[in-house]
Amino acid sequence: MFASLDGGSFRSVRAFVEAEGRWEEIEPDPGLGKTLARAELVPSDRLTSRLARHIAREERELGLPVDAVRIQVWRIEFAPKSLAPTRRLLRERTVAVPPDP
Amino acid sequence: MIRAIPTALRFTLLDFLLRPWGHWTIRVPILVLATLGILDRRALAAPALWLALAILTGIRIALDWPLPDNHAYLLGYWCLAVFLGLRSVEPAAIVARSARLLVGLVFALAVLWKVLSPEYFDGRFFRVTLLTDPRFEQTTRLVGGLSSEDLVYDREVLFAPLPEGAELADPRFLVEPTAFRVLAASATWGLFLLELAVALAFLVPKLGISRHWILIGFCILIYAVAPVAGFGWALLAMGLAQTDERDRGLRWAYVVAFLFVLAYGEISVAAIGLRLLPG
């Protein structure tokens with residue numbers, strides 16, 4: 001109850017898709033809702049991989065090529081006196097996506 | 001006449017009804033059970049109803065993990081405690097004892113979390129929360145002396161983080177009037193001391209602290225500023241469950257506190273204060 005700033009408001013997820021040898025950052029679909037929020041709060045292997053697989057599936061449904069998806073979970077930290085905000089990488093995970101059968 | 005345990009159980013069911021949550025497959029049976037319990041005295045005292053509520057709450061927590069807030073966990077434990085108490089030979093005593101331990105542990109863990117959090121006692125937690133959490137916006141403006149424009153500016157600064165080790169050539173400083181600094185410091189220490197007092201009063205009864213009045217005071221004061229009604233109602237239900245059947249005044253005080261928390265969910269005390277202020 002009201003003790004820590006390490007919550008959802010100060011965390012964010014960045015997603016990158018690799019296709020044809022180059023990486024591109026994408027805006028995760030808001031429809032990913034809970035999958036995104038879960039990976040943001042608990043960036044474990046399981047939850048970040050699940051998010052990556054969801055993103056890969058959505059990209060393919062749009063007809064876009066995907067070889068891998070990289071998930072980064074960031075946190076904002078505040079300096080003790082000035083509250084100057086800095087961004088810290090909490091977790092990065094890259095998931096290779098098998099080619100379409 | 002207000003009876004302690006039945007009214008405490010009705011408070012809990014009202015909590016479920018007034019703040020429904022979860023997927024509809026969970027929410028609908030919870031709402032049906034809560035309505036049955038409020039309408040029918042036998043259903044209210046049926047252990048099966050409380051076991052079903054505990055299981056449904058547990059399923060919801062498992063399905064949504066890790067997203068449910070602490071209020072859902074507390075309600076789940078409380079429903080399980082009520083089920084076990086109602087199945088025992090001394091239902092009122094067991095339910096009351098479980099309620100005392102649950103309230104005491106909730107506050108003891110809240111105190112522990114603050115002690116372990118590096119950003120609580122140096123004031124960062126409340127300085128950032130009061131500036132960024134929309135639930136505190138009116139209080140920050142009313143007591144902290146910031147304008148809406150100041151808040152917009154401060155949020156822009158706080159939500160524009162730099163990479164680690166980087167510095168701006170022309171750094172932006174937050175607008176934090178003295179009144180705001182005093183508010184943040186008061187909130188930091190006031191909340192800590194109040195939570196510590198509640199934890200001690202409930203876990204160490206030998207100290208003789210009047211635990212009921214501290215809990216009622218906590219709910220009337222804190223939930224006026226932090227509108228988390230569901231949590232407040234659960235705490236009040238557990239407090240009321242521990243009252244002596246002879247102490248009518250205390251039980252009415254719990255009912256009044258419940259109504260205060262209900263009202264806080266609908267109207268913002270700070271917003272009213274802002275409207276009454278000249279200019």
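Between A:Ser4 and B:Trp113, the closest side-chain pair of non-hydrogen atoms falls below 4.5 Å.
No more than 12 heavy-atom neighbours from other residues, nucleotides or ligands sit within 6.0 angstrom of CD on A:Glu27. A:Glu25 CD: more than 12 foreign heavy atoms inside a 6.0 Å radius.
One finds the CZ atom of B:Arg127 at 3.5 Å from the CG atom of A:Leu83 (value rounded to the nearest 0.5 Å). To the nearest 0.5 Å, the span separating CG on A:Asp6 from OG on B:Ser117 amounts to 9.0 Å.
Interface residue B:Leu162: backbone and side-chain heavy atoms are both found under 4.5 Å from chain A. Contacts of A:Ile76 with chain B are made by side-chain atoms alone, with heavy-atom separations under 4.5 Å and no backbone atom involved. Looking at B:Ala160, only its backbone comes within 4.5 Å of chain A, counting heavy atoms on both sides. Proximity to chain A is absent for every atom of B:Leu112, based on heavy atoms less than 4.5 angstrom apart. Neither the backbone nor the side chain of B:Thr188 comes within contact range of chain A; no heavy atoms are under 4.5 Å apart. Within the 4.5 angstrom heavy-atom criterion, only side-chain atoms of A:Leu41, from C-beta onward, approach chain B. Looking at B:Leu174, only its side chain comes within 4.5 Å of chain A, counting heavy atoms on both sides. Only the backbone of A:Ala79 comes within contact range of chain B, with heavy atoms under 4.5 Å apart.
Ring geometry for B:Phe136 against A:Phe2 counts as perpendicular: the plane angle is over 60°, on a 0 to 90° scale with 30° as the lower cut.
In terms of heavy-atom pairs under 4.5 Å with chain A, the best-connected choice from B:Phe125, B:Tyr120, B:Phe126 is B:Phe125. Interface check for chain B: of the options A:Phe78, A:Phe10, A:Trp74, the most heavy-atom pairs under 4.5 Å are formed by A:Phe78. Note: B:Phe159 leads B:Phe159, B:Phe173, B:Phe121, B:Phe107 in heavy-atom pairs under 4.5 Å with chain A.
A donor-acceptor pair is defined here as one N or O able to donate and one able to accept, closer than 3.5 Å; no such pair exists between the side chain of A:Thr86 and the backbone of B:Pro161.
The pair B:Glu119-A:Lys81 does not count as a salt bridge, with every side-chain nitrogen at least 4.0 angstrom from each carboxylate oxygen.
Residues satisfying the side chain to side chain contact (heavy atoms under 4.5 Å, CB included) criterion with A:Lys34, sequence neighbours excluded, are A:Arg38, B:Asp64, B:Leu67. Taking the side chain to side chain contact (heavy atoms under 4.5 Å, CB included) definition, one finds that B:Thr25 meets it with B:His23, sequence neighbours left out.
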